[in-house]
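One structure is given here, and the rest of the page talks about it.
Chain letters run A, B, ... following the sequence lines, proteins first and then strands; every chain starts at 1.
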Amino acid sequence: MNTTQNLCKTLLQNPSSVKSKSQAKQLHAQILRTSLSSPSLLSTILSIYSNLNLLHDSLLIFNSLPSPPTILAWKSIIRCYTSHGLFLHSLSFFIQMLASGKYPDHNVFPSVLKSCTLMKDLRFGESVHGCIIRLGMGFDLYTCNALMNMYSKFWSLEEGGVQRFCDSKMLGGIPEPREIGKCSNSHDLPCELDERIAGIDQNGDLNQMSNILYQVNTYKKVFDEGKTSDVYSKKEKESYYLGSLRKVFEMMPKRDIVSWNTVIAGNAQNGMHEDALMMVREMGNADLRPDSFTLSSVLPIFAEYVNLLKGKEIHGYAIRNGYDADVFIGSSLIDMYAKCTRVDDSCRVFYMLPQHDGISWNSIIAGCVQNGMFDEGLKFFQQMLVAKIKPNHVSFSSIMPACAHLTTLHLGKQLHGCIIRSRFDSNVFIASALVDMYAKCGNIRTARWIFDKMELYDMVSWTAMIMGYALHGHAYDAISLFKRMEVEGVKPNYVAFMAVLTACSHAGLVDEAWKYFNSMTQDYRIIPGLEHYAAVADLLGRVGRLEEAYEFISDMHIEPTGSVWSTLLAACRVHKNIELAEKVSKKLFTVDPENIGAYVLLSNIYSAAGRWKDARKLRIAMRDKGMKKKPACSWIEIKNKVHAFVAGDKSHPYYDRINEALKVLLEQMEREGYVPDTTEVLHDVEEEQKRYLLCSHSERLAITFGIISTPAGTTIRVTKNLRVCVDCHTATKFISKIVGREIVVRDNSRFHHFKDGKCSCGDFW
DNA sequence: ATAGGGTTAG
């Protein structure tokens, strides 16, 4: 024997020592050359190819085997199919292997179970479990770990068989298996499978057999009762599959760290938080210390419970054990700190990571956006692109709310373009975020267009659209969508009721609002929150039922905040009820003494009533307390550029032209019958001056700029950060009539559509 | 054979 042959022999005796494709090829060639190509040697080469994940080469050998494939050949090809994502092929070869009379061993089950899991075919997986038990493999460590993984994923397997038939594109370039067999309906297979392996029980030990039968009966319960698993509720399925998961775990004679991590993750992800945490403690009794997998399963629990203390404890443990550079733990930590509103700490963790993958980028982006740090979120998104990490569907649904809140339509549109090109536009999360973004940026029609194109609605997508209508004052559209949602069996939640109540309040629909408020508490058992109370109180105030609103707020089962009282105070201003306004202010100043808006509001109410002394007293009190009202500001986006108008600021390059246009506009408005409502302006100002002061309100400057800078017929969108005042509302109606185009004013995320001298929300503004 | 991120909110 020469040295080459010796080398070949050593390599063949230890196949896992072959580390490269070229080495494997050389070995293959040597064997063919020396005509030593016995089926067993070829199988060894096949297993080497399979180890190196070379599906094409593995199949070439497999299909040319002179005699029936050996166990090793079957195992190798099955594993290779699984790791290539060709799960159907993997399972079909598994069936063919059984059909050819070979008994599967403990090496093959992990691959087969992984295929079942990733194909979302739990029923097939359960049958394989039956097979495992009958073959006495129910005690193998790796097999049990794979089984537990399958059961822990039951929630993501719900749809069942969605990916059953693999993407045919994946088959390109790969030789077809010689015979796929009868695998067109994988649900028929288990029976055949059971028959084939029935014989094995005869040789089993009696004790073990009764044990096995007990297990088989337990696992097959669902099917023996003649029910499909769809009959069971989600809750029942949850306990059923979690039960299977735990049973496997309990039956295991030996458990390693992977077993513990799998059972912990399974419980943690299915809401059994306490059990998961208990198991982490129990793990210590088995002399196993939590590793990076354990920690990243446990951290999301503390993120959900907003338990900063426990989260920090885990962070400390991670640092002490050198896990703090792990991207998985890093992402969990970023998320945990962000959910505890500690975004600074999230950033610190992010910058400490030696490298960032898509998920850690997504975590930091979502962390910023969810905490209202929209500019920072956008900055990270940009940096992610620079780092050449391709944003995925999660990235887009995380960043979209930033555009919605900043009202940056041009950015939102750009992202929408990216989303369409990446084919993410049918994702429910993204579509809902897009609906919200377009609605918040004033394009309610585009929002509806996207909504109508969705194939699937969940509660959030309904709510986003309903809230969109509510904000735009389209109360009836909002209500009809809410009804449709209920008819289609989607249960509204806390936020959905906020949306429909906001819609009612916007349009002055008192009866409807009461109906929904009662339905929420009685039919859906949702405890009303501040937002629901605020919407109803706001509505009662708008329609002028001020005393009722006062009683309603006073009877709330939670302490009303300043914002609830200030909506009533605003209503008192509109309906000119000074007596109640003073009562409300008293309440307001007790809970929220720093509320500048309340002082201004009350002072305006005094002015309007001619009580100049009281108004002045308030202004002086404000000055003494060092409170200074921020000047009103409105902005308008024209050709991707944002123009801001701050009250009293004359620095806009077109200021003079705008003033000219305003003068002309005011004259036309007055000819149409507009009378400036100057009652709230300080009394010591000349009448002509008062007219001018009202005219130069920031939103009117912005609207005028829109009129002179956009082509006729364009909708003008103005974003404002202060409550629209009575005069502004009236004036905008006149302006819309004169210029004959739609004017949309956003005021505290509430939209007012002005057209032909009317406002979409009537007079219930 | 095991782990991390997402949409609606006066």
No-H, no-angle donor-acceptor pair, [X] side chain to [N] base, under 3.5 Å:
{"X": "A/Ser296", "N": "B/dA3", "answer": "yes"}
{"X": "A/Asn392", "N": "B/dG6", "answer": "no"}
{"X": "A/Ser332", "N": "B/dG4", "answer": "no"}
{"X": "A/Asp357", "N": "B/dG4", "answer": "yes"}
{"X": "A/Ser397", "N": "B/dG6", "answer": "yes"}

Please tell me if [X] has a side-chain N or O lying less than 4.0 Å from either OP1 or OP2 of [N].
{"X": "A/Asn149", "N": "B/dT2", "result": "yes"}
{"X": "A/Lys153", "N": "B/dA1", "result": "no"}
{"X": "A/Lys339", "N": "B/dG6", "result": "yes"}

Taking the side chain of [X] as heavy atoms from C-beta outward, which of [options] is closest to it?
{"X": "A/Tyr142", "options": "B/dA1, B/dT7, B/dT8", "answer": "B/dA1"}
{"X": "A/Asn145", "options": "B/dG6, B/dG10, B/dA1", "answer": "B/dA1"}
{"X": "A/Val394", "options": "B/dG6, B/dA3, B/dT8", "answer": "B/dG6"}
{"X": "A/Phe328", "options": "B/dA3, B/dG6, B/dA9", "answer": "B/dA3"}
{"X": "A/Asn427", "options": "B/dG6, B/dA3, B/dT8", "answer": "B/dG6"}
{"X": "A/Gln269", "options": "B/dG4, B/dG10, B/dA9", "answer": "B/dG4"}
{"X": "A/Asp326", "options": "B/dA1, B/dG6, B/dA3", "answer": "B/dA3"}
{"X": "A/Pro401", "options": "B/dA3, B/dT8, B/dG6", "answer": "B/dT8"}
{"X": "A/Pro300", "options": "B/dA3, B/dT7, B/dG4", "answer": "B/dG4"}
{"X": "A/His393", "options": "B/dG6, B/dG10, B/dA3", "answer": "B/dG6"}

Centroid-to-centroid, [X] to [Y], below 6.0 Å?
{"X": "A/Phe482", "Y": "A/Trp462", "result": "no"}
{"X": "A/Phe109", "Y": "A/Tyr142", "result": "no"}
{"X": "A/Tyr533", "Y": "A/Phe552", "result": "yes"}

To the nearest angstrom, how far is [X] atom [atom1] from [N] atom [atom2]?
{"X": "A/Ile466", "N": "B/dA9", "atom1": "CD1", "atom2": "P", "value": "12 Å"}
{"X": "A/Tyr494", "N": "B/dT8", "atom1": "OH", "atom2": "P", "value": "16 Å"}
{"X": "A/Leu353", "N": "B/dG4", "atom1": "CG", "atom2": "P", "value": "16 Å"}
{"X": "A/Tyr323", "N": "B/dT2", "atom1": "OH", "atom2": "P", "value": "18 Å"}
{"X": "A/His315", "N": "B/dG4", "atom1": "NE2", "atom2": "P", "value": "18 Å"}
{"X": "A/Asn493", "N": "B/dT7", "atom1": "CG", "atom2": "C1'", "value": "12 Å"}
{"X": "A/Asp436", "N": "B/dG6", "atom1": "CG", "atom2": "C1'", "value": "14 Å"}
{"X": "A/Ile334", "N": "B/dG4", "atom1": "CD1", "atom2": "P", "value": "15 Å"}

Q | Sequence neighbours excluded - side-chain hydrogen bond (donor to acceptor under 3.5 Å, both in side chains) pairs with any residue from residues 105-114 of chain A | A |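 Those involving residues 105-114 of chain A are A/Lys75-A/Asp105.
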
(Q) Does atom CZ (A/Arg342) have a neighbourhood of more than 12 heavy atoms from anything else shown, all under 6.0 Å? (A)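 Open: at most 12 neighbouring heavy atoms sit under 6.0 Å from CZ of A/Arg342.
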
At under 4.0 Å between heavy atoms, what does [X] touch on the DNA or RNA strands: base, sugar-phosphate, or nothing?
{"X": "A/Ala366", "result": "sugar-phosphate"}
{"X": "A/Thr262", "result": "sugar-phosphate"}
{"X": "A/Asp256", "result": "base"}
{"X": "A/Val428", "result": "base"}
{"X": "A/Val327", "result": "base"}

Q: Taking ring pair (Phe, Tyr, Trp, His ring centres under 6.0 Å) as the test, write out the residues that go with A/Trp565, two or more places apart.
A: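 A/Trp565 satisfies ring pair (Phe, Tyr, Trp, His ring centres under 6.0 Å) with A/Tyr550 once adjacent residues are dropped.
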
Q: Could you tell me how the ring of A/Phe751 sits relative to the ring of A/His472: parallel (under 30°), tilted (30 to 60°) or perpendicular (over 60°)?
A: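 Parallel, since the angle between the ring planes stays under 30°.
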
